[in-house]
Amino acid sequence: MQSIRLEGDVKKLMRRLGKLETLDIKSKNRVLAETIRSSTLERFNTEKSPDDKSWEKSIRAKAEGGKTLQDSRDLRGSIRSKITSQGFAVGTNKIYGPTHQYGEKGRTIRAKTSKGLKFRLGGTWISKREVTIKIPARPYLGISEEDMKEIKSTLELMLTED
């Protein structure tokens with residue numbers, strides 16, 4: 001049989017261990033999820049990935065002077081969090097979300113009708129039966145070093161509250 005001997009004033013330790021038993025994990029996860037969700041939304045403003053690298057400007061943003069991934073704001077507006085007592089997740093349900101997160105090395109798009117695909121390239125309208133597109137990765141989901149510091153300090157605060 002193994003045993004542990006504690007010396008000194010262990011009352012504070014015992015109180016904290018007792019509090020862990022009644023800790024509302026789901027509400028704590030809600031706070032952490034909102035921290036990461038807010039950070040993710042801020043990336044759309046700064047146009048930077050979680051590792052603080054600038055996104056490559058999109059063709060539309062270059063041509064119109066707007067921001068990358070924000071033409072309609074649909075992707076940004078779809079960022080949600082899911083919370084359980086086991087953890088949390090932050091993400092999007094948009095089908096094109098992974099394409100922007102990870103990029104696309106070369107996807108062929110084919111016209112569904114005989115009229116073809118019509119798009120504008122440098123002020124000239126072009127019609128094609130199919131095109132191959134390349135989209136650079138523009139990571140917007142993830143945990144940055146700053147996020148990790150925030151998570152750690154939030155957890156420390158939660159666990160030391162009396």
Side-chain angles (χ1 to χ4, degrees), residues 20 23-161:
L20 287 177
L23 192 64
D24 181 4
I25 302 289
K26 192 170 182 178
S27 70
K28 306 304 181 195
N29 284 339
R30 183 172 284 110
V31 170
L32 297 175
E34 187 52 34
T35 298
I36 299 304
R37 186 178 159 305
S38 295
S39 178
T40 301
L41 295 175
E42 183 58 26
R43 288 191 193 107
F44 287 89
N45 295 332
T46 63
E47 299 182 79
K48 289 188 175 186
S49 65
D51 62 359
D52 206 35
K53 291 181 182 170
S54 293
W55 294 341
E56 183 178 320
K57 271 283 204 214
S58 67
I59 294 169
R60 185 210 48 84
K62 286 177 189 174
E64 298 174 10
K67 287 193 168 197
T68 300
L69 298 185
Q70 294 194 63
D71 184 27
S72 67
R73 294 185 156 256
D74 284 351
L75 183 59
R76 183 185 191 284
S78 73
I79 303 299
R80 299 282 186 270
S81 59
K82 182 175 181 176
I83 300 109
T84 69
S85 57
Q86 283 78 43
F88 66 90
V90 174
T92 178
N93 63 354
K94 295 295 184 185
I95 196 166
Y96 52 84
T99 299
H100 292 299
Q101 176 76 14
Y102 302 110
E104 184 65 60
K105 301 286 184 219
R107 178 186 297 172
T108 300
I109 300 173
R110 291 177 183 83
K112 291 183 180 179
T113 67
S114 60
K115 292 181 180 181
L117 301 165
K118 293 187 194 260
F119 54 94
R120 194 170 160 164
L121 187 61
T124 305
W125 284 95
I126 296 173
S127 181
K128 295 264 188 182
R129 300 272 309 142
E130 69 178 38
V131 294
T132 300
I133 60 166
K134 294 177 186 171
I135 298 174
R138 296 180 178 105
Y140 53 93
L141 297 172
I143 298 176
S144 68
E145 283 184 38
E146 195 63 35
D147 294 336
M148 191 54 77
K149 288 177 188 174
E150 182 74 21
I151 288 171
K152 285 178 182 178
S153 68
T154 301
L155 287 173
E156 284 176 4
L157 183 64
M158 289 175 179
L159 294 175
T160 59
E161 288 175 339

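A quick note: this is a predicted structure, and the numbers were derived from the prediction, not measured.
Under the side-chain hydrogen bond (donor to acceptor under 3.5 Å, both in side chains) criterion, the residue pairs touching residues 109-128 are Arg110-Glu130, with sequence neighbours excluded. Screening residues 146-155 for side-chain hydrogen bond (donor to acceptor under 3.5 Å, both in side chains) gives Ser39-Asp147, Arg43-Asp147, Ser144-Asp147 as the qualifying pairs, with residues at least two apart or on separate chains.
Side-chain contact check for Ser58 versus Leu69: every heavy-atom pair is 4.5 Å or farther apart. Between Ile109 and Phe119, every side-chain heavy-atom pair lies at or beyond the 4.5 Å cut-off.
Here CG of Leu75 is found 11.5 Å from CZ of Arg138. Values are rounded to the nearest 0.5 Å. Note: Gln101 CD to Leu141 CG = 4.5 Å, rounded to the nearest 0.5 Å. The CZ atom of Arg80 sits 12.5 Å away from atom OG1 of Thr40, with the distance rounded to the nearest 0.5 Å. To the nearest 0.5 Å, atom CD1 of residue Ile126 and atom CG of residue Leu117 are 11.5 Å apart.
Considering all non-hydrogen atoms of both residues, Gly142 and Pro50 come closest at CA-CG, 3.8 Å. Taking both residues in full, the closest heavy atoms of Asn29 and Thr84 are given as ND2-O, 2.9 Å, listed atom of the first, atom of the second, then distance. Residue Ser81 comes nearest to Val90 through the heavy atom pair CB-CG2, 4.1 Å, listed as atom of the first residue, atom of the second, then distance.
Legend: residues meeting side chain to side chain contact (heavy atoms under 4.5 Å, CB included) with Leu155, ordered by chain and number and at least two apart, are Leu32, Ile151, Met158. Evaluation of the side chain to side chain contact (heavy atoms under 4.5 Å, CB included) rule for Lys57 yields Glu47, Ala61, Lys62, Thr68 as partners, not counting sequence neighbours. Qualifying side chain to side chain contact (heavy atoms under 4.5 Å, CB included) partners for Leu41, counting only residues two or more places apart in sequence or in other chains: Arg37, Arg76, Ile79. Listed by chain and number, the residues in a ring-ring contact (aromatic ring centres under 6.0 Å, His included) with Phe44 are Trp55, Tyr140 (sequence neighbours excluded).
Proximity of a side-chain donor or acceptor of Arg129 to a complementary backbone N or O of Ala111 within less than 3.5 Å is not detected.
Using a 3.5 Å distance cut-off with no hydrogens or angles, the side chains of Glu34 and Ser38 do pair a donor with an acceptor. Side-chain N/O atoms of Thr99 and Arg107 include a donor and acceptor closer than 3.5 Å.
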For this session: Applying side-chain contact (heavy atoms from CB on, under 4.5 Å), run through Ile135 and Tyr96 and close with a yes or a no.
Result: CA-CA 11 Å; Ile135 298 174; Tyr96 52 84; over 6 Å; no
